Amino acid sequence: MSTVEVKRETRPSLEVELAGMKLKNPVMSASGCFGWGEEYARFFDLNRMGALVGKAVTPRPRPGNPDVRIAETPAGMLNAIGLQNPGPEGFLNQILPRVRLLDLPVWVNVSANSLQEYVDLCDLLSQADGVSAIELNLSCPNVGRGGAEFCVVQEAVRETVSACRKVCRVPLIPKLSPNTTDVVALARAAEEAGADAVSLINTLVGMAIDIDRRRPVLGNQTGGLSGPAVKPIALRMVYEVSGAISIPVVGIGGIACWQDAVEFLMAGAAAVQVGTANFFNPTAIPEVIDGLENWLREKQIGDVREIIGVARQPKRR
Amino acid sequence: MSTVEVKRETRPSLEVELAGMKLKNPVMSASGCFGWGEEYARFFDLNRMGALVGKAVTPRPRPGNPDVRIAETPAGMLNAIGLQNPGPEGFLNQILPRVRLLDLPVWVNVSANSLQEYVDLCDLLSQADGVSAIELNLSCPNVGRGGAEFCVVQEAVRETVSACRKVCRVPLIPKLSPNTTDVVALARAAEEAGADAVSLINTLVGMAIDIDRRRPVLGNQTGGLSGPAVKPIALRMVYEVSGAISIPVVGIGGIACWQDAVEFLMAGAAAVQVGTANFFNPTAIPEVIDGLENWLREKQIGDVREIIGVARQPKRR
Amino acid sequence: MSESIPIYRAEVLDHVEVAPEHFVMTLDAPEIAREARPGQFVMVRSLGTWDPLLPRAFSVYHADAEGGCIDIMYRQVGRGTGRLRLNEPGVHVQLWGPLGKPFQLADVEQVVLVGGGVGVPPIVFYAEYLDRLLAPVKVVALIGASTETFLVGIDHLQRANATVRVATDDGTAGHHGYVTQLLPEYLEDTPTAVYACGPMPMLAAVARITEAQGVPAELALEAPMACGVGACLGCTVPRREGGYARVCTDGPVFRPEEIAW
Amino acid sequence: MSESIPIYRAEVLDHVEVAPEHFVMTLDAPEIAREARPGQFVMVRSLGTWDPLLPRAFSVYHADAEGGCIDIMYRQVGRGTGRLRLNEPGVHVQLWGPLGKPFQLADVEQVVLVGGGVGVPPIVFYAEYLDRLLAPVKVVALIGASTETFLVGIDHLQRANATVRVATDDGTAGHHGYVTQLLPEYLEDTPTAVYACGPMPMLAAVARITEAQGVPAELALEAPMACGVGACLGCTVPRREGGYARVCTDGPVFRPEEIAW
Ligand SMILES: Cc1cc2nc3c(=O)[nH]c(=O)nc-3n(C[C@H](O)[C@H](O)[C@H](O)COP(=O)(O)OP(=O)(O)OC[C@H]3O[C@@H](n4cnc5c(N)ncnc54)[C@H](O)[C@@H]3O)c2cc1C
Ligand SMILES: Cc1cc2nc3c(=O)[nH]c(=O)nc-3n(C[C@H](O)[C@H](O)[C@H](O)COP(=O)(O)OP(=O)(O)OC[C@H]3O[C@@H](n4cnc5c(N)ncnc54)[C@H](O)[C@@H]3O)c2cc1C
Ligand SMILES: Cc1cc2nc3c(=O)[nH]c(=O)nc-3n(C[C@H](O)[C@H](O)[C@H](O)COP(=O)(O)O)c2cc1C
Ligand SMILES: Cc1cc2nc3c(=O)[nH]c(=O)nc-3n(C[C@H](O)[C@H](O)[C@H](O)COP(=O)(O)O)c2cc1C
Ligand code: FES
Ligand code: FES
């Protein structure tokens, strides 16, 4: 039996390690695009995912924004949900007891408007059994200046991350905004401040206008743009950032099929998150995982880690 | 005959004034997406356009980037043409003599890598008969750091615009980059430095990866993202900027049909440019002009200027 | 919430124009055909493009449990339905459902169904369902449209033994005006429940009338949707008690008093 | 460059599968049918979506001046052709052309046509054109494909009185190997010109062979295109003399010595 045949038959390894966490595979849900999994558990076994990233938790419960909250755009969508969530108590009492039973890492996405709020939330939530990591949402465009300031100023990122790092008992993963001049500078600041990894990108601030009603479509006027439309921007940022820092990068933005995930891995992402695609294809995540595995087998690549960042190396033949 | 009927019959006025220029209508070509018009003259009468904006002119002739130069993305495209152009002499001798015969304002888009180069080009080209305005391309993502620096630093914008303003004999219209944290700050800097109007947006820096060849699709690795995919981002920036400055804003980004143009006008643009759409629909510009006129007539709006910025006013009923 | 939701790349079995701009699409979906109840909807996405990106919600118009297929009826108005129109028989679309809460039959002697525009499909499905009940109730169907040619499903309603009355905005057929103007006369004496689906203004009117008369009613709402399953929080409507309800999972069928109109 | 280019929302008149994954689409385009010459192409865009965004270039496969329609032949490989496939007869697509420089017939006794993959359509069109000349030349057509079932247009070539030889990568039909391996034997004595269209490696081989033997040749290239008319500068290939040529307007037909292979 030739080695080629052996290769063909062995199952490729999809396992990756990220900030000390072992993931079955590098594919997870993106915050706010998967609820806390209960809806999608009706379509596939959540334990197939590399990790579950839930909706943002804010210092106090939030009812969310008045309608209209979403609008379709070419190959994308705008959202201004307004971080609707039950707050820390609601999360700890109603949500965590259920999701901690899952056999996969659970990341909590944390969003706030001040340094102190970020620190307090990290302190509180990182002590809870079942919280595997904290993803710091430094960039929610839909909750007014407060949230927005954090996303784009290097100093604020450094300050917030190092303060949270001190109190956070689990891996701390700042999620960076793309609405910035120099995302590499933000990533460097996060790394220097002790981040265990960075996630990017969050949504780009956008708008749509209803020409019949002569006003913005969204009740919030502006919203966050996501979906395949933003993939080229996200991919470029992941490519730049992963070349500039030494902590892992979680690639996010417009991933809708396994080929997209491969692009992000080749650009240097250690793992990827699938967001908007869950909405238009509830089985997007298992399809990405299966597609990735089949492609690796076809190409006779034994370990998914072999392709991480290869597009950044000199051209191969 | 009732006034309503009268209104129905009168032809709406599409004329706008921009930085002292009278435009037949607010629809023009976007730089680099229309050559110098010769190709599109084979599809429609160029004199129907509000103005013609040609491909960038650089201090010296440029052969452009090696292939691959373009890639399709979801509802958009990436380009890394590399500012291929015949340089100032080529423009003045081969191109200008032809385009100056047209019965519409001709804008020259100027791109350079240093303050001095920008000043020299403005000085030289603004003296040429037939050049109606200079659009200062402060944001070409495809010619290395040089060009890129200009696009995003407030001080650089202020410095460049005021220096060019001194030597420029025609309206000076800086074109702003969207790859920035605060486009409003850039616009304010341009206004304070004496700009007659601002154009936005240029392309967003993006990337695509060829997973078979394991490297970026574009020879230049990164490229500029344009087309309908970027429209929500462009619209938001036009909305923010036109609310913050008092000089006119030229709206650009993903305009592919008349409804898109109306959105930009309602967001506060005094005029619009059609770029990528020319490529996938050679009659996009006349279709936008006709669609705009028909819509105004239907809605019994006598003057296109009535809708500029209406989406920024409190909701109407 | 815990049982699984059928999802397929479903084959288009039939696709016909039933009125100007109105089409009926038959989809191969055995589980959905078995499980679907009147008022519920499915999400449909055309494949091979990201524009339009999002799936569209369509009420179940017919469910043939034996044949293992369902019908949806849509009006071609925009990008989603424009793309949907291109899916000829043999092509596959992505489909999941049934979704949302169905109509709940109240213990009454008469049921009045009110349908307007593309709100008619679930009304037809409900009429046929009521007609098959062991203890049939008197069913009146009030159907509204902008003009006569857009009146759809009337024949199905009559075959389902419903008393049909129509209204058109332009008076080309039946009552000249809003369909809701026909409602009050049916709320006099007999114990009646009202079920409605159609444009928001129509539903608001039905809510006003039925609440004023203390008549039980259920209204099937529409809202822009991304996911259809409760995850995106994009389809919310304000609750009278405060906060927001998701049309896709808390609805689409609501009682008038639940919503802050 | 100054005469106008016909552009339409053209009706799809016919759309048939001619081989696995290969389709022929007939389009209503009177002016293009009159003007098109072998080697020229048209740009086609499916309507109602921005994804795929860009039009696709297709060589003219047949031009029926009397009937006022043209045929294109395409292989369904990706998003553009996937969407194109959905345009059934009666649907309209945006269409402009004819574009680019056609093949120029050299003063020779024998013409050898070399076609590979989706490069065959212009070769067939050229063979039919040559067959209608007053002073006919001897025409040999060398057609390559990955496998037998992908060999297309052979019947048309034979009807056009061309001597056809085929090659397949897998040996399922004709010569087992590259079609270009069949070329040298035809370049011995008779004054011959070579015209080729197909994948870049095939064209490069033809260029090598013909340049080595000093035989006149013309090659129809492919490149990613956005506009098809010379405006976007996206379709460039490097010139041997330096600088870049636009495939859409300086080509698609080039002489081997023009290109830096
Ligand atoms: C629970 C639920 C059930 C639904 N059931 C049906 C159904 O059975 N049949 C059906 O046809 N639709 C139904 N809809 C509406 C459907 O989901 C789409 O919104 C509708 O078909 C328009 O989609 P589109 O993509 O073609 O239009 P879009 O491109 O999304 O919108 C284009 C334009 O059409 C306008 N528009 C949207 N809906 C309508 C309308 N109904 N009439 C006129 N203009 C409109 C929009 O305001 C917009 O300006 C339902 C929606 C929900 C939430
Ligand atoms: C001047 C000119 C003439 C042309 N004439 C024809 C013609 O007559 N018939 C025709 O079918 N095409 C022709 N093409 C190619 C055509 O324009 C498209 O590029 C091709 O149909 C693929 O388009 P797509 O959108 O389906 O694939 P895309 O979505 O653009 O690409 C999808 C994948 O398919 C791959 N791919 C692209 N082309 C091929 C191919 N030919 N075979 C296998 N894989 C491919 C791409 O590399 C990509 O990975 C011509 C191109 C040019 C420039
Ligand atoms: C409806 C919606 C809600 C979102 N909510 C959050 C959130 O609460 N916290 C967060 O960090 N990102 C949030 N995001 C951003 C996504 O997690 C993701 O970063 C972004 O959408 C880009 O990925 P995508 O294109 O795959 O959706 C949200 C996105 C959408 C569309
Ligand atoms: C192929 C191509 C070439 C371009 N060249 C230039 C240029 O030379 N100068 C410039 O200021 N902008 C250039 N642009 C940017 C456009 O003018 C426009 O700002 C951008 O594409 C967004 O508009 P659109 O989405 O309508 O194309 C170019 C864009 C494309 C796609
Ligand atoms: S449509 Fe997503 S929550 Fe209702
Ligand atoms: S395709 Fe645009 S220049 Fe050739």
Side-chain angles (χ1 to χ4, degrees), chain A residues 29 32-45 54-55 61-86 98 217-219 223 226-231 254 256-257 260 275-284 286-287, chain C residues 1-9 31 35 42-57 78-80 83 93-100 200 221-239 241-249 259-260:
Chain A
S29 57
C33 302
F34 203 70
W36 278 97
E38 61 274 53
E39 291 85 10
Y40 292 98
R42 302 177 67 188
F43 292 102
F44 65 93
D45 174 5
K55 180 93 181 122
R62 293 175 55 92
N65 290 334
D67 61 356
V68 175
R69 290 179 169 191
I70 57 172
E72 188 179 57
T73 68
M77 70 178 276
L78 289 165
N79 90 84
I81 306 302
L83 296 175
Q84 179 174 337
N85 82 98
R98 181 174 51 75
V217 171
L218 298 177
S226 64
V230 308
K231 194 189 80 176
C257 57
D260 295 335
T276 300
N278 297 300
F279 300 152
F280 59 81
N281 176 11
T283 50
E287 287 174 22
Chain C
M1 275 298 285
S2 56
E3 78 287 357
S4 76
I5 298 173
I7 180 166
Y8 325 78
R9 300 281 198 275
E31 293 83 354
E35 299 172 15
V42 295
M43 296 296 279
V44 181
R45 181 173 65 98
S46 299
L47 299 173
T49 184
W50 304 136
D51 178 47
L53 181 70
L54 300 174
R56 298 295 192 260
R79 296 182 84 75
R83 175 65 181 78
V93 297
Q94 192 174 29
L95 171 72
W96 60 98
L99 304 169
M200 264 307 192
L221 271 57
E222 281 194 19
M225 291 187 174
C227 71
V229 299
C232 74
L233 304 181
C235 65
T236 50
V237 290
R239 287 185 187 278
E241 74 200 37
Y244 297 96
R246 294 169 301 183
V247 169
C248 66
T249 38
I259 306 301

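This one's a predicted model, so the numbers in the text were calculated from it and none came from an experiment. Numbered from 1 within each chain, the chains take letters A, B, ... in sequence-line order.
We find that A:E72 and C:R45 are not joined by a salt bridge, their nearest charged nitrogen and carboxylate oxygen being 4.0 Å or further apart.
A perpendicular orientation is assigned to the rings of C:W96 and A:F43, their planes being inclined by more than 60° (bins at 30° and 60°).
Only the side chain of A:Y40 comes within less than 4.5 Å of a heavy atom in chain C; its backbone stays farther off. Neither the backbone nor the side chain of A:N278 comes within contact range of chain C; no heavy atom of the residue lies under 4.5 Å from a heavy atom of that chain. Of the two parts of C:R239, neither the backbone nor the side chain holds a non-hydrogen atom closer than 4.5 Å to a non-hydrogen atom of chain A. For C:M225, the part lying near chain A is the backbone, with the side chain staying farther off; criterion is any non-hydrogen pair under 4.5 Å.
One distance of note links CG of A:N79 with SG of C:C232; it measures 8.5 Å at 0.5 Å rounding. Within the model, atoms CG of C:L54 and CE of A:M77 stand 6.0 Å from one another, a figure rounded to the nearest 0.5 Å. Here C:L233 contributes atom CG and A:N65 contributes atom CG; the two are 11.0 Å apart, rounded to the nearest 0.5 Å.
Proximity of C:P55 to A:F279: side-chain heavy atoms (C-beta onward) are nowhere separated by under 4.5 Å. Looking at C:I7 and A:P282, their side chains come closer than 4.5 Å, going by heavy atoms from C-beta outward. C:W50 places none of its side-chain heavy atoms less than 4.5 Å from the side chain of A:K231. Taking the side chain as every heavy atom from C-beta outward, C:T249 and A:E39 never approach each other to under 4.5 Å. The shortest side-chain heavy-atom distance between C:P224 and A:V68 falls under the 4.5 Å cut-off.
Taking both residues in full, the closest heavy atoms of A:P74 and C:D51 are given as CA-OD1, 3.8 Å, listed atom of the first, atom of the second, then distance. Shortest non-hydrogen contact noted between C:A226 and A:I70 is N-CD1, 3.5 Å.
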Apply side chain to side chain contact (heavy atoms under 4.5 Å, CB included) to residues A:N281 and C:Q94 and explain how you reach the verdict.
CA-CA 8 Å; A:N281 176 11; C:Q94 192 174 29; 2.7 Å; yes
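Per-residue counts of heavy-atom pairs under 4.5 Å with chain C were compared for A:G76, A:A277, A:G227; the largest is that of A:G76. Chosen from A:G32, A:P66, A:G35, A:G37, the residue pairing most often with chain C at heavy-atom distances under 4.5 Å is A:P66.
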